[in-house]
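This report refers to the structure that appears directly beneath it.
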Amino acid sequence: MAAFRELGLAPWLVEQARQMGLSRPTPVQASCIPPILQGRDCLGCAKTGSGKTAAFVLPVLQVLSEDPYGIFCLVLTPTRELAYQIAEQFRVLGKPLGLKDCVVVGGLDMVAQALELSRKPHVVIATPGRLADHLRSSNTFSLKKLKFLVLDEADRLLEQGCADFTADLEVILEAVPARRQTLLFSATLTDTLNELKSLAMNRPFFWEAASEVRTVDELDQRYLLVPEAVKDAYLVHLIQTFQDEHEDWSIIIFTKTCKECQILNMMLRKFSFPSVALHSMMKQRQRFAALAKFKSSIFKILIATDVAARGLDIPTVQVVINHNTPGLPKIYIHRVGRTARAGRNGISITMVTQYDIHLVHAIEEEIKLKLQEFSVEEKLVLDILTHVNVTRRECEIELEYMDFDEKKEINKRKQMILEGKDPDLEEKRKAELAKIKKKNNKFREKVQQTLQEKNLSMGIAGSQFGQ
Ligand SMILES: Nc1ncnc2c1ncn2[C@@H]1O[C@H](COP(=O)(O)OP(=O)(O)OP(=O)(O)O)[C@@H](O)[C@H]1O
């Protein structure tokens, strides 16, 4: 494979990459950097941990160095933590340029961000919601001279789901110039390829790693068939085993909901495991602090919702445990991709109950690989079962006292305010709608009842006529 300098990168960038431990380009870098340097749009689809970030950071820095101005490049990404991670790569690789970057994400002070944006940073790394808020509310900065628009985890940004970015993306796309270079990257681009292609129309270059299997070879993928009621005992047993056998291993455990994440964290702490939680109901500063503790290996276990499923690059992670089987194969691919990165080995264990077997089949079909069973000595699990279940129940009760559900409600209201809605009005509107619905139902029932009575009396009358 070609060396970095053969891809058209300047010597200072090649040296900077080398200092970061990037001595030879990965396939996605070798394939995408030259067309980007030629001014083409690029859609890059490569497996998790294959170096997609540097595949866009390096050519953007190269072009920036030739004509530096702000705001030169906008990178959009679905999560706040990921935005900071990308900013760090820009900062380190772009150090010789004196690069100015600005991270614009939710949960942090908007005024400070607005001020930073007005100082024309070279690169802005943002989550769509917060950047759209800035565009709607201030005119202290302009994206009109932008040269590069990058969508990292591009398929997620275009997906319509619980965190729907499409309305915010519309605002952003209106604010950027039509003449720009658009770079789209993800490990799972293919489902949304057509939508993505409409964003990248400047002689787009599409690159996908030539591989049947959608996950990396270094990843040992297992499943563990467990009844729902004993899941946590299995989890505690697994963690204990990994900790006993490997001193320096870090583990990420993915859960379905914020509440489950919180409960598991409390429970593992009661068993003296060094764990931290990361989910969207935490304050942003707590989220950053939790991630920092995990990254520095002070805490070896991160329990997270899918907010951590994409993009996070933590080399020490050797194990990913899926406490629930992901409902979508795509989510599975990103979750297990938090380990076995950049050629390292890793193992993923997906807990599967009897109700999830069809989900495993869907995953296997998508990744083109069969998961292997992970064997556990059941007796050891049974030994701790009662203790684990009692501890979990204690945690559930503690959480009830902490008004977790109430906080969820408050967060919902905060979100409404951020979306420009009045939560009280919304509640009133909902209550009124429910009232109208109830009234309509009553009315319908009454009409039906009257019709039935009428039919009945006509029937009786008819039978009387017939007599
Ligand atoms: N050329 C290279 N040589 C060695 N290591 C590299 C190279 N390029 C990137 N890396 C390292 O590989 C790791 C993964 O890179 P990166 O986070 O960009 O992966 P990704 O493809 O974006 O993964 P994901 O799909 O999970 O977001 C990083 O730690 C990065 O420093």
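Just so you know, residue 1 is the first one in the sequence shown, and it goes up from there. Excluded from the calculations below are hydrogen atoms, water molecules and symmetry mates; all remaining heavy atoms, backbone and side chain alike, are included. When a ligand or atom number is given, it counts from 1 through the structure's own listing order.
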Can Asp313 and Arg341 be counted as an ion pair, charged N to O under 4.0 angstrom?
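Yes.
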Those atoms of ligand 1 less than 4.0 Å from some heavy atom in [X]:
| X | result |
| --- | --- |
| Arg24 | 1 (N), 2 (C), 3 (N) |
| Ser50 | 19 (O), 20 (P), 21 (O) |
| Thr53 | 16 (P), 17 (O), 18 (O), 22 (O) |
| Arg341 | 14 (C), 16 (P), 17 (O), 19 (O), 20 (P), 23 (O), 24 (P), 26 (O) |
| Lys47 | 21 (O) |

Is the shortest distance from a heavy atom of [X] to ligand 1 less than 4.0 Å?
| X | value |
| --- | --- |
| Glu153 | yes |
| Arg338 | yes |
| Gly49 | yes |
| Pro315 | no |

Closest approach of any protein heavy atom to [atom], naming residue and atom:
| atom | answer |
| --- | --- |
| atom 13 (C) of ligand 1 | Asp313 OD1, 3.5 Å |
| atom 12 (O) of ligand 1 | Ala342 CB, 3.3 Å |
| atom 4 (C) of ligand 1 | Gly21 O, 3.7 Å |

Which value, rounded to the nearest 0.5 Å, describes the distance between [X] atom [atom1] and [Y] atom [atom2]?
| X | Y | atom1 | atom2 | result |
| --- | --- | --- | --- | --- |
| Gln221 | Ile363 | CD | CD1 | 9.5 Å |
| Leu108 | Met110 | CG | CE | 11.5 Å |
| Phe72 | Leu64 | CZ | CG | 5.0 Å |

Tell me the nearest of Gln85, Arg310, Gln29, Gln89 to atom 8 (N) of ligand 1, using heavy-atom distances.
Gln29
Heavy atoms only: which of Leu312, Ile333, Val92, Leu22 lies closest to atom 7 (C) of ligand 1?
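Among Leu312, Ile333, Val92, Leu22, the closest heavy atom to atom 7 (C) of ligand 1 belongs to Leu22.
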Would Gly51 count as a polar contact of ligand 1, with the cut-off being nitrogen or oxygen pairs under 3.5 Å?
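Yes.
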Atom of Leu157, atom of Leu76 and distance for their closest heavy-atom approach:
CD1-O, 3.6 Å
Sub-6.0 Å ring centroid separation between Tyr84 and Phe288:
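Ring-ring flag for Tyr84/Phe288: true, centres closer than 6.0 Å.
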Check: Phe185 ring centre within less than 6.0 Å of Phe56 ring centre:
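Judged by ring-centre distance (under 6.0 Å), Phe185 and Phe56 do meet the cut-off.
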Can you tell which part of Lys52 has a heavy atom less than 4.0 Å from ligand 1: side chain, backbone, both or neither?
both
Are Thr241 and Asp244 linked by a side-chain donor-acceptor pair shorter than 3.5 Å?
no
Which residue in the set Glu159, Glu153, Glu366 passes salt bridge (charged side-chain N to carboxylate O under 4.0 Å, His left out) when paired with Lys330?
Glu159
For Phe141 and His134, take the angle between the two ring planes, folded into 0 to 90°, and tell me which bin it lands in: parallel under 30, tilted 30 to 60, perpendicular over 60.
perpendicular
